[in-house]
Each structure stands twice: as structure tokens, then as C-alpha cells.
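So the structure is just underneath, and the comments pick up after that.
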Amino acid sequence: MGEQPAAGQVLAGMGGVGKTQLAADYARTAWQNGEVDVLVWTTADNATAVASGYAQAGMEVLGAGPSDPQQAARSFLSWLEPKSQERPCRWLVVLDDVTDPTDLKGLWPPTSPHGRTLVTTRRRDDALTESGRQLIEVGLFTEAESLAYLTAKLAARHRHEPAEQLAALAADLGHLPLALSQAAAYLIDSGENAATYQELLADRTTTLADAAPDALPGDQTTTVAAAWSLCIDRADTLRPAGLARPMLQLTAMLDANGIPQDVLTSSPALAYLTAHRTRTGPAPAGEPAPVSVRDARRALRALHRLSLIDHTPNTPGSHDGTVRVHQLIQRAVRDTFAAHHHHQSARTAGDALLAVWPDIERNTALAQALRANAQALAHHADPALYKPDAHPVLYRMGASLGETGQTTAARDHYQDIAETIGQHLGTDHPDALAARHGLIHWQGESGDAADAAAAYEELVEHMVRVLGENHPYTLATWHNLACQWGRTGDVAGAVAVFEELVKHMVLVLGENHPHTSTARHNFAYWRGEMGDSTALEELLADRRRVLGKEDLRTLRAWENFARWGGEAGDPVGAAAAFAELLEDTVRVLGEDHPRTLAARGNLACWRGEAGDPVGAAAAFAELLEDTVRVLGEDHPLTRTARRTLAHWKEKDGACSPGSNGHT
């Protein structure tokens, strides 16, 4: 750590990162190198322990009598004060495991040019850095450090494991030094290999305690499972009392790498915190006071101060606040759940995600974070998300993947949940049928129109048998089946089905039902494919009048109408229409939304068709940079932008605008 400032340093970090070991190594080195004349090490988990350590030092260094420990402690602290008339004494005081900064009031070693103070603690309170003390965050091992540690520990016992298996084990342990140490001891004692230990960790029927060695290595006194227990108890006593534990329970169900703060301060989260608040005193009369957003944020700060989470607060109205929590802390918390509590926490976490999940995903980073959290929840929560029914967050995650152009991922997601729902609820359950519908839809969007049409035909028969021909799910499936027929080349058949389907939906669902509106749109779309755009022109005017110019359904109709105008021989008009459409799309969806990027591609194409190939190439060059930045190298929009850029550079062949087609 180098030369220490006179005021001292504070080593802070979560339990298990090796703060005490670092402090011990520093103290040992300073003593062996002759850098200090007096070295005092004392446990500092309460004020009494600190005072006792000082009293013992007073007795040994100053010869104070044991009859008055308090006086001995005061004498020792006074002796540490610098005195100009005496030969300076170089001292180092280590206060190990400070639990509460208030315990050190009146017990901090004095500032001295000849003395050093070193503190280890899980706390990150501002009070620890008063008087110029420096806070040093002690983090996890790096991947390389973890691998080197495990390799060396095992090699010392003539054990050798493949580097890739040890690296995978270290990742599963989150590179936590304490966990790595105990895992190495377990492997040595049991004779098992790293892969078997990983299987033990992944087994949900076991707990972290089952993965601990029978005898802890070195001077360790606590298992990984118990490392945070007392710390959580302490967090629950901080204001607002009783909220830290239930807040940590919610974080345990979500993504360790980043939970949007707004998820944990949403209405479902607040209701959970109110219902599960830890009682730290006599139960109040009547119903407990509802937990506020401010209370929830303060609970996050309490957990942060005790290094149980890392919390980056957001500013009012933004979504950039993030909570991170180590995966082993999550596991330790989940290990304490009773079955009903696990179920409640999981369903609440799903509700909380939906509460902040926007209908229009303008913020791509937020959308990615929400999908990652939904995926983590599905992993941690099974089977809670499927009982008593399939939680809507499962469908929202799939829709989000598909709507951002990740159609193959959306298809695979629906495949997984359709199989799981079938196992838990049966294949005739409406949720199972809805999941199959989503699977087939994204199968078709992924380019497999023929198989999707055949699958829709089977699903329609199943739905009619189970739900009846007028059920919204049945009608929606008929709708998508007609679309698939159109995609496979039977445009006339699609138009005929949609003409009858729209009439039926108006009678069953009503003229203003979203399913009816979508069916009207697709009826108009497929009529346009037959060369008649009259229906879409009427629909566009109707949507502008009823829904407004910037409604998503209006924008989709406008997009298809503009494209057909260009294909009918008016590329200049199409370019003008897409320029106006792009402005509205940016206002509604934001600049980085996939549909906005697709609209930019359409505009560039029609400008090229209108006689400006150089401008089209320049626009696609800019678009390609943005699609790579936002969506990645392998996204379909990126591939289309790259292919179309090459076309306009070469100025050969016909342009294929990136229309989203029917919806």
C-alpha cells in the first residue's frame, strides 16, 4: 500500500474479499522491515473490544495496572499523541472488522506524523473518512488471479485440474477469495474434481453450506454461507429499520450484474417491502405504514454501506441507477427461503420488472437490462413463474427480444417456456397455447414461413377444441395463419381469410379492439400486395383520426403505404413520405430503436431510387455504424445495412427497402 498518510487508511469491502489478510500482510511486513516500534492489532466489532485492545496495549507498553482497564486505554491513546519533547515512537494500530463507525467515537488513534492507523470494515459510511482518512475499496480477484490461486493451492497437494475447468469454477464462485479458498479445501479433502464441485453448486436442492469443507482452511472461522449473516442483521437495524433484508431478498431473484433501481422502488416492490419488513421491536398496532420510494432507496443505501450490494443511485426521472450484488450473496439469501417465501419473492420480482418495462423501448440499455433480469429471474425462480399460471414477464421478455430484431432468440425463448408451461400446467392450458402461438410467430419471423403456417394450422385446431372458435387466442391464431399463407405465396388466400376474419372480429371483439385493428391492417397490407392500396389508405386515414399521427399502429400503416407508393412508381414521393415518417418515429421511439434504424434504411433506399445513389451510400455508411453500435455485428438490420451499402456503392441491382411488412 506504500507510505501511509498520517490520518490512516480504511480497507472496505464485502465479506470474503480478504481485507483482514491484506491488513495482516501489511502489518507483518511493516514489523519485519523495522518500520514500526509498536504494533497493536485489535478486533473492532464493538466499542468494548476496541477499548479492551487499547487497555492491553497500555499494560504491555506503558506498564499500566490491570485494575483500571479504562484508564489504561486512555493512557495508551494519550501516549500515541505526538510530543515534540520526546523521541518519536513509530506505531501502527490495526482496527480489524469495524462493524459500526459510531463504536469508534472517542477511540480513534490520534493523527501523528509518526503513527499509522489501518482499519478493515464492510462499512462504507462517510464517517470513516473523516479527518482525512482514505477509503480503499477491496474488490474481488481478477480471472487471472483466481486461476493462479486455485492452480497453486491444488498443485501444493499434487492435484492438477484443466485450466478451463478451474476458470469455470472461479466464475461460478464470482472470484470471491473466501469462496475460492474453501472450494480448494473441499476439492482437496473430498478428492472430487472441479466439474463435480460445479455440479454441486448448480444443484438447487443443496445449499452453500453443503459446498463448504468439513474443516475450514487457515484461520478462517466462518463459511461462505455464514459470511454475510451478521452483516444482514446489522443492515436491518439501519434506518429505515427492517427493510434491508426484504430488499436483499428481491435482489437475490434478479440479475447480479445490474438491476435497474426503478425495479426495486416500483409499486410491487414497495408492497413486498411493506409486507415483509423485519420487525426490530414491538409490533405496531394496526396495519404497517406503507413503504415509500424514499424508504426503498434508503434501504438500498443501507445495504451499500455494509458492502452487501453496490448501488449507483439515479437522478430523479432517469433510469441509470443500478444495483449489483454478488452471486454468492444472492445464493446465500435464496438458501434461507421457505417454499412460500421463494414463490412470493419470485412473483413480486416479475411484477416489479413489468411495472417499469416500457411499452415502447426507447432506451435500449434499459431494455437489455430488463431482459437480463427477466432471464435471471426465470433461472432462479422456476417453478414459481409457472404456478398458478405463467407469469406475464415470460411473454414480455420474448416480445422484447423479437421486437428488437432478435427473432431467433425470441423463437428459442418461446420454445423453452412452451415446453416448461406444458410440463407444469398441461398442453391444453391457455398459457401453453399462448406460448405455442409466440413460438410459431417468431419461427415465421425468423424466415421459416412454410413450417410456421403448418404449425399455425395445427394450433388453430387445438385452440378451437379447447377454447372455442370465438376466443381471442383462437382469433389471433387465425390472423397469424392468414399472414403465413400470404408469406408463402398465397396472397389471394390471405386476403380472403382476412376479409372474413375482420367481419368476425368486429362482431366478437368490437371494432376498436386491438386484435380487430391489427387484422384490418393486415387485410389492407395483403390487398396492397395484390396491387390495391385503397384499403391501407383508408386505414391510415382512420388511424390518424382515431389514434393520432404518432401512435405506433399509425406509423406502421404509414410505413407500408409509403413503400407501396414507391413501388407503384413514385420513388420521390416515397422518399418524402419516409423523411416525414422518420421524424415522427424518432420522436416516438428514439434514435436508437431498431424500428427507427429500419426507417432510416427505407429513407436511404428510396432516395437512391429517386436518383441519389451517392447520398444513399453515405446514409447507409452512417446507418451501418449505428446498427453495429446499438445492435451488434450479427443483427439482421446490421447485415441488411452492410449488404445495401455495397449495393449503392456499386449502383447495380434493385433496392430492397427494409420494410417491416405486416404486423
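- Side-chain atoms of Q220 and L178, non-hydrogen and from C-beta on, do get closer than 4.5 Å to each other.
- Residue R239 qualifies as open at atom CZ: its count of foreign heavy atoms under 6.0 Å is 12 or below.
- Around CD of Q70, the count of heavy atoms belonging to other residues, nucleotides or ligands within 6.0 Å does not exceed 12.
- Between Q406 and L631, the closest side-chain pair of non-hydrogen atoms is not below 4.5 Å.
- The aromatic rings of H276 and Y272 lie parallel to each other, their planes meeting at an angle below 30°, with 60° marking the opposite boundary.
- Side-chain atoms of T43 and D45 include no donor-acceptor pair closer than 3.5 Å.
- Between the side chains of Q368 and R371, no donor N or O sits under 3.5 Å from an acceptor N or O.
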| query | What do the steps show when you test R124 against D310 for salt bridge (Lys or Arg N to Asp or Glu O under 4.0 Å), and what is the final call? | reply | CA-CA 11 Å; R124 293 189 275 200; D310 286 315; 2.9 Å; yes
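- Side-chain atoms of L77 and L107, non-hydrogen and from C-beta on, do get closer than 4.5 Å to each other.
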| request: Evaluate the criterion side chain to side chain donor-acceptor pair (under 3.5 Å) for residue pair E361 and H593; output intermediate values, then yes/no. | output: CA-CA 7 Å; E361 296 178 351; H593 193 279; 5.6 Å; no
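- Side chains of T278 and D236: a donor-acceptor N/O pair is present below 3.5 angstrom, by distance only.
- Of all heavy-atom pairs spanning C231 and R122, the tightest one is CB-NH1, 3.4 Å.
- Within a 6.0 Å radius of CD in E591, no more than 12 heavy atoms belonging to other residues, nucleotides or ligands are found.
- Around atom CD of Q375, no more than 12 heavy atoms belonging to other residues, nucleotides or ligands sit under 6.0 Å away.
- Residues satisfying the salt bridge (Lys or Arg N to Asp or Glu O under 4.0 Å) criterion with D210, sequence neighbours excluded, are absent altogether.
- The one candidate from R234, R301, R305 that meets the salt bridge (Lys or Arg N to Asp or Glu O under 4.0 Å) condition with D125 is R305.
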For residues 11-24, which side-chain donor-acceptor pairs fall under 3.5 Å, sequence neighbours excluded?
from : atom 1 : to  : atom 2 : distance (Å)
K19  : NZ     : G13 : O      : 3.1
K19  : NZ     : M14 : O      : 3.0
T20  : OG1    : D96 : OD1    : 2.8

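- Heavy atoms from other residues, nucleotides or ligands lying under 6.0 Å from CD of E143 number 12 at most.
- Looking at heavy atoms from C-beta onward, L208 lies out of side-chain contact with T223 at the 4.5 angstrom threshold.
- A donor-acceptor pair shorter than 3.5 Å cannot be found between the side chains of D351 and T348.
- Residue R157 places its CZ atom among 12 or fewer non-hydrogen atoms of other residues, nucleotides or ligands, all under 6.0 Å distant.
- Y186 places no side-chain N or O within donor-acceptor distance of the main-chain N or O of E192, the cut-off being under 3.5 Å.
- Listed by chain and residue number, nothing satisfies the side chain to side chain donor-acceptor pair (under 3.5 Å) test with T42 (two or more places apart in sequence, or in another chain).
- Between H304 and H311, the two ring planes are perpendicular [angle over 60°; tilted spans 30° to 60°].
- Enclosure of atom CG in N33 by more than 12 non-hydrogen atoms of other residues, nucleotides or ligands within 6.0 angstrom is indicated.
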